[in-house]
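Everything on this sheet refers to the single structure shown next.
Just so it is clear, the model here is predicted, and its values are computed rather than measured. Proteins come first, then strands; the chains are lettered A, B, ... in the order of their sequence lines, and each starts at number 1. Values below: all heavy atoms of this structure, side chains included; hydrogens, waters and symmetry mates excluded.
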Amino acid sequence: MEEYPAKQAPENLDDPPNSRLFVVTSRAVTEDALRDGFSVFGEVQGVWVVKDKQTKESKGICYVKFAKSSQACLAMEEMHGKVLSEGTKPVKVFIAQSRSSTRHRDVEDEELTRIFVMIPKTFSEEDLKDTFKEYGDIEYCVIIKNKFTGESKGLGYVRYYKPSQAAIAIENCDKTYRAILAEPRTKATAPEDYSGGASRGDYAGGNDAMNQYAAPMADQGNYQAMDYRSGDFTRCLMMSTRAALTQEQIFALFDLIPGMEYCELQRDAYGMSKGHALIRYSNLGSAVYAKEKLNGFEFPPGNRLVVNFVDDGEDRSSPVGRMAMQFVATQMMSSVWNGGPSTSQVMKPPVSAGNQCLIYKRVSDPELFPPPHCSTRLTLKKTPLKAFFSPIKENTYSCFSNIY
DNA sequence: CGACGGGACGC
DNA sequence: CGACGGGACGC
């Protein structure tokens with residue numbers, strides 16, 4: 001096992017912040033395999049495999065220290081879910097808690113993707129986005145304003161889709177912006193319940209050769225910005241992930257909720273995944289349900305998906321239309337939280353193996369997977385869920401997961 | 001589930 | 001004189 005050099009003593013483990021990874025591996029994975037796997041993402045300053053004091057055997061966890069937070073974040077995003085040595089389980093990768101922290105809670109992407117900046121008071125949210133989009137794909141920008149006069153307070157938030165993008169912005173943007181990671185908005189209360197999400201800009205890049213599942217009539221692009229706090233619900237969702245998911249996997253997952261009519265993995269100019277996908281349902285209820293069930297869902301093992309509403313361009317300007325949508329959505333939420341009208345009739349899994357069952361790829365039959373307002377519902381357990389995906393045969397994927 | 005070492009600078 | 005340094009979201 002390699003030691004940290006003397007200059008890499010414990011007091012430097014958190015410098016710069018969020019530059020150290022917490023890696024959950026198999027006990028069999030060696031330090032060399034770890035170093036080889038992670039060093040391609042940046043300057044690895046130390047690898048430390050945690051071992052049992054007595055037996056000296058690996059406990060299956062280790063720490064990897066990078067020189068920069070952006071390197072650590074990139075490695076996390078790319079390595080999470082990967083198999084390091086053949087025959088071992090996929091690794092889970094998180095930003096390590098700071099050494100002084102006693103909490104052992106996972107650091108969530110939520111805490112790593114939003115930055116807090118100081119900007120000229122003349123900046124509009126468009127200006128803010130134009131300034132920071134060079135560091136990564138932006139989910140939304142918000143400027144703090146006087147709620148009465150509407151004038152800017154010269155402070156803003158920028159939410160990226162990936163931790164590495166936020167880290168790169170902090171490292172590389174003009175120092176006058178004083179960019180830092182934003183503290184989570186609601187620390188004490190349920191942090192998962194974000195609603196909405198703004199996006200606009202280049203979601204158009206759909207080359208149909210790669211989008212075999214896209215609905216032919218699907219309207220692309222021009223998704224207007226929307227206040228992420230407004231609580232609006234739409235039929236469109238944006239899913240972001242650290243894992244390298246395929247179009248097929250994302251399609252299969254979101255297709256579990258009936259009513260999906262469009263699903264597209266966003267790609268860059270080179271056809272590489274940008275780590276997020278746009279999904280649209282035929283109705284509000286399905287979208288609300290999909291967001292509720294899949295936001296925070298681990299897919300593949302350990303990788304928490306982030307799912308938010310995005311503006312679908314429908315007219316929500318009128319108070320009547322807005323209230324109607326909120327009403328429907330509230331009904332759906334209530335149904336979700338309370339387990340629906342008849343939770344007792346949980347569907348019988350098609351294939352059962354103890355606590356696990358098989359979910360087949362294309363399941364749109366309302367008899368098997370009815371919409372959330374019906375009496376039986378698919379229920380995906382959110383937290384300690386272990387999903388394992390593997391290609392069974394061409395174009396077919398299965399999901400082993402805990403269902404209850 | 002899966003959270004924190006071994007070893008000794010240089011006055 | 002004249003502008004540094006500061007910093008938080010309607011639950």
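Closest to the side chain of A:W48, out of C:dG7, B:dA3, B:dG5, is B:dG5. Comparing B:dG6, B:dC4, C:dG7 by their nearest atom to the side chain of A:I180 picks out C:dG7. In the set C:dG6, B:dG2, B:dC4, B:dG2 carries the atom at the smallest distance from any side-chain atom of A:R27. Which of B:dC4, B:dG2, C:dC9 sits closest to the side chain of A:D106 comes down to B:dG2. Nearest to the side chain of A:R185, among B:dG6, C:dC9, C:dG7, sits C:dC9.
The one candidate from A:R105, A:K162, A:R159, A:R185 that meets the salt bridge (Lys or Arg N to Asp or Glu O under 4.0 Å) condition with A:E110 is A:R159.
Straight-line distance from the CD1 atom of A:I119 to the P atom of C:dA8: 14 Å, rounded to whole Å. Protein atom CD of A:E183 is 13 Å distant from nucleotide atom P of C:dC9, rounded to whole Å. A straight line from CZ of A:R304 to C1' of B:dG2 spans 13 Å, rounded to a whole angstrom. In this entry the distance linking CD1 of A:I61 with P of B:dC1 reads 13 Å, nearest Å. Atom NZ in A:K121 sits roughly 14 Å away from atom C1' in C:dA8 (whole-Å rounding). Regarding A:F94, its CZ atom lies at a distance of 15 Å from the P atom of B:dC1, rounded to whole Å. Summarising the geometry, the separation between CG on A:D52 and C1' on B:dG5 is reported as 13 Å, rounded to the nearest angstrom. In this structure, A:Y63 places its OH atom 6 Å from P of B:dC4, rounding to the nearest Å.
For the pair A:T176 and A:K147, both in contact range of DNA chain C, the more 5′-proximal nearest nucleotide belongs to A:T176.
Counting any heavy atom pair closer than 4.0 Å across all strands shown, A:V117 reaches a base atom. If you check every strand for non-hydrogen atoms under 4.0 Å, A:K153 touches nothing.
Nucleotide B:dC9 is shown with a syn base, its glycosidic torsion being within 90° of 0. B:dC1 takes the syn form, because its glycosidic angle lies no more than 90° either side of 0.
In this model, a donor atom of one side chain and an acceptor atom of the other lie less than 3.5 Å apart for A:K65 and A:S19. One side chain, A:D174 or A:T176, offers a donor N or O that lies under 3.5 Å from an acceptor on the other.
For the pair A:K89 and B:dG2, the criterion of a side-chain N or O lying under 4.0 Å from OP1 or OP2 is met. Here A:K92 does not reach the OP1 or OP2 of B:dC1: none of its side-chain N or O atoms lies under 4.0 Å away.
Rounding to the nearest 0.5 Å gives a distance of 5.0 Å between CD1 of A:I95 and CG of A:L21.
An aromatic stacking contact links A:F22 with the base of B:dA3, defined here by ring centres under 5.5 Å apart and ring planes under 30° from parallel.
Under the 30°/60° scheme for interplanar angles, the aromatic rings of A:Y63 and A:F22 are found to be tilted.
Using a 4.0 Å cut-off between charged side-chain N and carboxylate O, A:E125 and A:K145 make a salt bridge.
Counting atom types as modelled, A:R178 pairs no side-chain N or O with a base atom of C:dG5 as donor and acceptor under 3.5 Å.
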